[in-house]
Amino acid sequence: MSKKYLSQRISLPLTLLFGFLLIGSVVAAEADPWLRPDFAPAPPENQLTPERVHLGMLLFFDPRLSKKMSMSCASCHNPSLGWSDGLPTAVGFDMHTLARATPTIVNTSFSPIQMWDGRKSTLEDQATGPIEAAGEMNLPLPELIERLKSIPGYASKFEAAYPGMGITAVTVARGLASFERTVLSTESPFDRWRKGDQKAVSASAKHGFELFQDKAKCAVCHMGYNFTDNGFHNIGLKTEGEPDVGRYAQRPLKSMHGAFKTPTLRDIGLTAPYMRNGSYKTLMEVVEHYDRGGDDKTNLDLNMVPLSLTASEKTDLVAFLESLTGVPADVRLPALPH
Amino acid sequence: MTPRSFSAIRLGLMGLVLAISMPAFAGDQTVGQAKKAFTVGVLKAKVGDTVTFRNDDEFAHNVFSLSDSQSFDLGSYKKGETRNVKLTAPGTIEVECAIHPEMKMKIEVTK
């Protein structure tokens, strides 16, 4: 056997082997279901541009988008409070307390369905909802558009973002959605661990992640890089007064009565109190709720069962949940147009 | 191997090939629910057929339709369980899982 032939015999399989290993490692790195993509998806008609994001940021922080010019989107989705408000339930127009907690908008751009009850499908659909909702910013869209047109500084911003489209409900919604697509979770200790840094999280948190997927069954709903199945579940929260029907208002089906969308767990350390009615102040209280298998058993989701977690296991779960919080990105408030 | 046992195996194999190659018998169609998706995107069926939905996931699913031609709510059910619906009218039925709205499929029902 010649040296050349032998070399070919060896080099071809080796090349193939290394090729497969290389491809395999790339695929494995891309396929980690627990690491979020670098960018949020955007529809073809509203691809991200710096001008669109800038316009959206101006609108997001502008209190003139509310009836009494007293509250902006950021009043409830406050970047200093994990893009939520730190309250059990939101406070809307004229300081009226609303029935549901303000959900964080971190990573909401990855969700195919918006709001606690899923009544909006896209960010563009959702964006103007709170502006015109009577209980929230309470500003009818025609009035909003006239008001924005009366602010000279906005004209050039809209033109730069959406040339020739003018100031309309559509461009307002697209601008706000563009900004929201940039509100993403930052790298957390959990992410660094998944990328190979074994010291990024504690042994307790690592065990907590095992429990999260196995005994505690959390990943049945809180699955994937955004820790949500984008689904609807009745998790048996205690409620006072008139029960909130949740998703049932959109889908009048028995299993949807009292069901709400699974929220992300990203940056969860920044968004207390927890649950759609803000009923728990700490993550340990949340874990205790699931350990009991919920409280109100009426129309309870079939996935909700008592877990029999030990005290140590609960502590580990909390350690894991805390590892999902990154250092918040600095947000520089914009000077608003005049 | 005896000639008799060889014949039995041959007959069995022929039966298996026939079973695989024959179209699904009317009234006996099954759609799985796995990895948070229906295993069939569009199902063609006849009025009078029964469609069985089988949950192959580790978590609960639901099946419902609010379509004009036929609406139903088969409720929620756990892994390994099935739910059936008999098709009563021609038309296109849009089927979803209420728990996971991304799960959608269609049944095209003809007479």
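To find a chain, count down the sequence lines: A is the first, B the second, and so on, and within it residues start at 1.
The closest side-chain heavy-atom distance from Lys36(B) to Asp229(A) is below 4.5 Å.
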Open item on the list: Evaluate Lys217(A) against Phe59(B) for side-chain contact (heavy atoms from CB on, under 4.5 Å), listing each step before the verdict.
Closed with: CA-CA 9 Å; Lys217(A) 303 178 187 295; Phe59(B) 39 85; over 6 Å; no
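Scored by the side chain to side chain contact (heavy atoms under 4.5 Å, CB included) test, Ala133(A) finds Glu136(A) as partners (sequence neighbours excluded).
Near-neighbour residues of residues 95-111 of chain B relative to chain A, defined by a heavy atom under 4.5 Å from a heavy atom of that chain, comprise Glu96(B), Ala98(B), Ile99(B), His100(B), Pro101(B), Glu102(B). Residues of residues 101-124 of chain A lying within less than 4.5 angstrom of chain B, judged on heavy atoms, are Pro112(A), Ile113(A) in numerical order. For residues 60-67 of chain B, heavy-atom neighbours of chain A at less than 4.5 Å comprise Ala60(B), Asn62(B), Phe64(B), Leu66(B), sorted by residue number.
Under a cut-off of 6.0 angstrom, the local environment of NZ in Lys215(A) is crowded, with over 12 non-hydrogen atoms contributed by other residues, nucleotides or ligands. Within 6.0 Å of CG in Asp296(A) there are more than 12 heavy atoms belonging to other residues, nucleotides or ligands.
Interatomic distance, Leu300(A) CG to Ser76(B) OG, rounded to the nearest 0.5 Å: 11.0 Å.
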